[in-house]
Asks: 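Handing you a structure now.
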Amino acid sequence: MRTDYAVIGGGLAGMAVAYHLARDGGADVVVLEQGEVNAAASGNNSGSFHAQIPVEPFLNQGEDWARRFAPTLRLMMAGIARWHELPGELDAPGMEVTAKGGIMVARHPAELDMLRRKSAIERSEGLDTRLLDRDELRSLAPYLAEDAIGGAFCPIEGKANPLTATFAFARAAVAQGVRIRSHMAATGMQRDGDGWLVATAGGTLRARRVVNCAGASAGEVAAWVGVDLPIEAHPIQVTVTERVAPLIPHLVYSAADRLSLKQTRQGSIIIGGGWPARLHPASGRPVVSMESLVPNLRLAMAAVPAVARLRVVRSWAAIVNGTQDWRPILGEIPGAAGVFLCFFPWMGFTAGPHVARLVAKVALGRSPEAAREIAAFAPGAA
Ligand SMILES: Cc1cc2nc3c(=O)[nH]c(=O)nc-3n(C[C@H](O)[C@H](O)[C@H](O)COP(=O)(O)OP(=O)(O)OC[C@H]3O[C@@H](n4cnc5c(N)ncnc54)[C@H](O)[C@@H]3O)c2cc1C
């Protein structure tokens, strides 16, 4: 089999890259997916659009970390703007793109102080985050607990439906001629003249260019071309409640610990925030951890007391792609001309459609602007 571009991975990144390579560059594209499309992180996440600096690394790694991370916020802001274009462009109203804003809720003065310091860094990158006092918070979000003393509000934050988004890209990509090969793992790669030979479970694929969109496995794929990247895989979990009448329009966070909470268009409350799951000792698959479930739900009830009345319907676990510094890795791999990486850790649902378009433009070799936008995130960049 031959193609212009082999895309490894059929998650949000891979499908969006494939769509743009074909639509914007008229390229012949084959997507190799070892399992099913959208069956990994992209289809199992919480569907939040994050723009604020996350609390956990800010508390653990401090303000120097936050300043180094801060340029990433521009990709997240552009990512959210891109999401609003997608339902129309892909003819996919089922993506359920909504942005009513996100609130990080503080219950203690030290938390408010942390939000003040964090928000100053966010604003320096052009992100609109506003500190709210108790009265402002109550009038914006009367469903929050009475002991909330203030918060940080970011108007662009919101959500979309992870069960539909990647498939919308996949349908649009196929309409552009992209060939998707599910249950066909890439197993190795070697240079072949000015292109690459990709070994797959179904034979060898010759490609002029390769885009590595393998999510949590992107480090293993990069190792095939001799590059060691600091890519991590972490099992984390999410919980969903029964449906209730509209109650929570915002994305809600806690300034104290890991919490994200929002209500879907169907009425369920999705509770996450990145609490660790376990790996099943026999299968190695991610499974829900009770040690995480209880504190995660406790935080949710502390932020929004009405959640305590609801029945939990399901909790699930999946592997998130991570890096220690939370920065994405985007662009051509040094020493492996023609191999590109599209990797956005922890919050790759938010930024995925935007960074995929940038990486596709760079892989097509037609956009110096896109190359400049991702230069700071190049593989191997400090
Ligand atoms: C529980 C959970 C909650 C999350 N919540 C949010 C959130 O609310 N907001 C947010 O912005 N982000 C969130 N994320 C992160 C986000 O889901 C991911 O960063 C994003 O989906 C990564 O997309 P991807 O396409 O790069 O990776 P994936 O969706 O993991 O796709 C990678 C694909 O590559 C395939 N693959 C790997 N190796 C090979 C190979 N050798 N050959 C062929 N195929 C291969 C895999 O099978 C997989 O399908 C969450 C993640 C998890 C797990």
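No hydrogens, no waters, no symmetry mates; every other heavy atom, side chains included, goes into these values. Each ligand, and each atom within it, is numbered from 1 in the order the structure gives.
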Asks: Take every heavy atom of Gly47, measure it against each atom of ligand 1, and state whether any distance is under 4.0 Å.
Replies: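 It does, in that a heavy atom of Gly47 comes within the 4.0 Å cut-off of ligand 1.
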
Asks: Return the option from Gln34, Arg181, Met15 holding the heavy atom at the smallest distance from atom 39 (C) of ligand 1.
Replies: Gln34

Asks: Can you find an N/O atom of Ser48 closer than 3.5 Å to an N/O atom of ligand 1?
Replies: yes

Asks: Please state which part of Asn321 comes within less than 4.0 Å of ligand 1, counting heavy atoms only: side chain, backbone, both or neither.
Replies: side chain

Asks: Among protein heavy atoms, which sits nearest to atom 10 (C) of ligand 1, and what does the distance come to when rounded to 0.1 Å?
Replies: Phe349 CB, 3.3 Å

Asks: Roughly how far, to the nearest 0.5 Å, is CD of Gln190 from OG1 of Thr204?
Replies: 8.0 Å

Asks: Applying a 4.0 Å heavy-atom criterion (strictly less than), which segment of Phe49 is in contact with ligand 1: side chain, backbone, both, or neither?
Replies: neither

Asks: Applying a strict 4.0 Å limit to heavy atoms, is Ala185 in contact with ligand 1?
Replies: yes

Asks: Are any of the N/O atoms on Gly348, whether in the backbone or the side chain, positioned under 3.5 angstrom from an N/O atom of ligand 1?
Replies: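 Yes.
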
Asks: Within the side chain of Lys159, is there an N or O that forms a donor-acceptor pair under 3.5 Å with the backbone of Gln263?
Replies: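 Present.
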
Asks: Using distance alone, decide if ligand 1 has a nitrogen or oxygen within less than 3.5 Å of any nitrogen or oxygen in Leu12.
Replies: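 By distance alone, the answer is yes.
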
Asks: Should Ser46 be counted as touching ligand 1, given the test is an N or O pair under 3.5 Å?
Replies: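 Yes, since at least one N or O of Ser46 sits under 3.5 Å from an N or O of ligand 1.
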
Asks: For ligand 1, note which part of Cys213 has a heavy atom under 4.0 Å away: side chain, backbone, both or neither.
Replies: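 Within the 4.0 Å criterion, Cys213 contacts ligand 1 through backbone atoms alone.
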
Asks: Select one of side chain, backbone, both or neither to describe which atoms of Val37 lie under 4.0 Å from any atom of ligand 1, heavy atoms only.
Replies: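 Neither; no heavy atom under 4.0 Å.
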
Asks: Can you find an N/O atom of Gly35 closer than 3.5 Å to an N/O atom of ligand 1?
Replies: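 Between Gly35 and ligand 1 (N or O atoms, distance only) the closest approach is not under 3.5 Å.
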
Asks: Any N or O on Asn45 sitting closer than 3.5 Å to an N or O of ligand 1?
Replies: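 Yes; at least one N/O pair falls below 3.5 Å.
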
Asks: Which part of Ser217 is near ligand 1, with near meaning a heavy atom under 4.0 Å away: side chain, backbone, both or neither?
Replies: side chain

Asks: Name every donor-acceptor pair, under 3.5 Å, that has one atom in a side chain of residues 329-355 and the other anywhere in the protein, sequence neighbours excluded.
Replies:
residue, atom, partner, partner atom, Å
Glu332, OE2, Gly338, N, 2.6
Trp346, NE1, Thr323, O, 2.9
Thr350, OG1, Ser48, O, 3.1
Thr350, OG1, His50, N, 3.0
His354, NE2, Glu373, OE2, 2.9

Asks: Examine Thr350 against ligand 1 and note whether any of their N/O atoms are separated by less than 3.5 Å.
Replies: yes

Asks: Between Arg258 and Val55, does the side-chain contact (heavy atoms from CB on, under 4.5 Å) criterion hold? Intermediate values first, please.
Replies: CA-CA 7 Å; Arg258 288 152 290 176; Val55 166; over 6 Å; no

Asks: Determine whether Arg357 and Asp24 satisfy the following criterion, salt bridge (charged side-chain N to carboxylate O under 4.0 Å, His left out), listing intermediate values before the conclusion.
Replies: CA-CA 9 Å; Arg357 182 163 64 170; Asp24 305 341; 6.0 Å; no

Asks: Can you tell me which portion of Trp346 lies within the under-4.0 Å heavy-atom range of ligand 1? Options are side chain, backbone, both, or neither.
Replies: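 Backbone only; the side chain of Trp346 stays clear of ligand 1.
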
Asks: Tell me whether Ala13 has any N or O atom under 3.5 angstrom from an N or O of ligand 1.
Replies: yes

Asks: So, Glu89 versus Tyr19: side-chain donor-acceptor pair below 3.5 Å or not?
Replies: yes

Asks: Would one find more than 12 heavy atoms of other residues, nucleotides or ligands at under 6.0 Å from atom CZ of Arg265?
Replies: yes

Asks: According to side chain to side chain contact (heavy atoms under 4.5 Å, CB included), who are the partners of Pro87, at least two apart in sequence or on a separate chain?
Replies: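 Pro87: side chain to side chain contact (heavy atoms under 4.5 Å, CB included) contacts with Met95, Val97.
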
Asks: Verify salt bridge (charged side-chain N to carboxylate O under 4.0 Å, His left out) between Glu33 and Arg181, making sure each step is shown before the conclusion.
Replies: CA-CA 6 Å; Glu33 166 52 53; Arg181 297 287 178 262; over 6 Å; no

Asks: How far does OG1 of Thr241 sit from CZ of Arg309, to the nearest 0.5 angstrom?
Replies: 11.0 Å

Asks: Which option out of Val320, Ile8, Ile236 puts a heavy atom nearest to atom 2 (C) of ligand 1?
Replies: Ile236

Asks: Just jot down the ligand 1 atoms closer than 4.0 angstrom to any heavy atom of Ala186, in number order.
Replies: 40 (C), 41 (N), 42 (N), 43 (C)

